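Structure, as structure tokens:
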Amino acid sequence: MGLNGRLVITPLTDRIYLTLTQALSMYLGGAPAGPAGTGKTETTKDLAKALGLLCVVTNCGEGMDFKAVGKILSGLTQCGAWGCFDEFNRIDASVLSVISSQIQTIRNALMNQLKIFQFEGQEISLDSRVGIFITMNPGYAGRTELPESVKALFRPVVVIVPDLQQICEIMLFSEGFLMAKVLAKKMTVLYKLAREQLSKQHHYDFGLRALKSVLVMAGELKRGSGDLSEVDLLL
């Protein structure tokens with residue numbers, strides 16, 4: 001995957017890390033839930049990276065059936081990778097109940113510290129490093145409420161608002177800006193005002209993703225033309 005950068009560690013990141021590692025120690029999965037662009041998937045991926053594990057992200061949709069998910073789970077358990085199922089609550093409720101029994105089988109094997117176990121009619125090996133994570137975006141059209149059988153297998157983490165100013169500041173510092181503290185404040189206030197005052201069109205995004213891409217571009221400019229003042233660069 002190469003050197004694709006690290007996340008800015010904020011108190012929220014810490015809390016997610018703690019909850020997810022705690023979940024793993026109890027042989028459960030982790031389920032970060034919250035609005036889009038708050039860093040649920042990214043944080044899971046970053047934690048896997050910090051532990052030196054591969055994290056495979058799968059985007060879930062209505063078309064996913066239990067066979068497809070079963071194949072992914074079977075692969076993950078055999079190679080000890082982490083699986084992050086994005087927007088898990090888009091899968092049909094009827095399929096979710098079958099998936100919950102598949103995950104329960106894996107969990108039982110982990111708890112009994114088996115090396116080989118029966119999964120979907122086949123004997124497969126089990127690598128105990130496996131972790132299963134699901135992320136959920138509540139309150140969107142076409143999303144189902146998770147059945148209780150599934151909820152019992154995952155430890156929930158609520159991810160609401162990322163610490164924008166802190167993330168902004170550290171990213172500016174890492175891109176080589178010296179006045180990062182002042183500039184981060186300006187950026188976050190600007191985006192906050194844009195979010196609140198501009199018309200609510202769904203293709204307008206003043207969240208973390210948009211902010212991040214601007215900061216990365218600012219960093220490239222900074223390295224390209226070092227003679228400009230930092231305020232003008234960011235502008």
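Since we're looking at a predicted model, the values are computed, not measured.
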field: Nearest non-hydrogen partners of V8 and Q166, listed with the distance
entry: CG1-O, 4.2 Å

field: V157, I134, N137 screened by side-chain contact (heavy atoms from CB on, under 4.5 Å) with K40, the one that passes
entry: N137

task: Look at the aromatic rings of Y191 and F206 and report parallel, tilted or perpendicular, splitting at 30° and 60°.
output: perpendicular

message: Counting C-beta onward and ignoring hydrogens, is there a side-chain heavy-atom pair between L146 and F154 closer than 4.5 Å?
response: no

message: I'd like to check W82 versus F133 (side-chain heavy atoms, cut-off strictly below 4.5 Å). Are they in contact?
response: yes

message: I need the L211 CG to T188 OG1 distance, nearest 0.5 Å.
response: 7.5 Å

- line: Distance col, row L53:CG vs R129:CZ, nearest 0.5 angstrom, shows 6.0 Å

- prompt: Could K222 and F177 be counted as a cation-pi pair, given that NZ or CZ must be under 6.0 Å from the ring centre and within 45° of the axis?
  reply: yes

statement: Closest non-hydrogen atoms of S149 and S100, given as atom of the first, atom of the second and distance, are OG-OG, 3.3 Å

message: Are the side chains of T77 and F119 in contact, using a 4.5 Å heavy-atom criterion?
response: no

query: Mind checking whether T58 and D86 have side chains closer than 4.5 Å, heavy atoms only?
result: no

message: So, taking the atom named CG in D163 and the one named OG1 in T13, what distance separates them when rounded to the nearest 0.5 Å?
response: 7.0 Å

query: Between L234 and A218, what is the shortest heavy-atom contact and its length?
result: CD1-CB, 3.7 Å

message: Ignoring hydrogens, what is the shortest heavy-atom contact between T135 and C84? Give both atom names and the distance.
response: CG2-SG, 3.8 Å

task: Please test E175 against R223 for salt bridge (charged side-chain N to carboxylate O under 4.0 Å, His left out), starting from the C-alpha separation and ending with a verdict.
output: CA-CA 8 Å; E175 295 286 359; R223 287 187 287 280; 2.9 Å; yes

- prompt: Any side-chain donor-acceptor pair under 3.5 Å between T105 and N108?
  reply: no

- request: List the atom of F173, the atom of L178, and the distance in Å for their closest heavy-atom pair.
  value: CE2-O, 3.8 Å

- prompt: Which heavy atom of M111 sits nearest a heavy atom of Y27, and at what distance?
  reply: CG-CD1, 3.4 Å

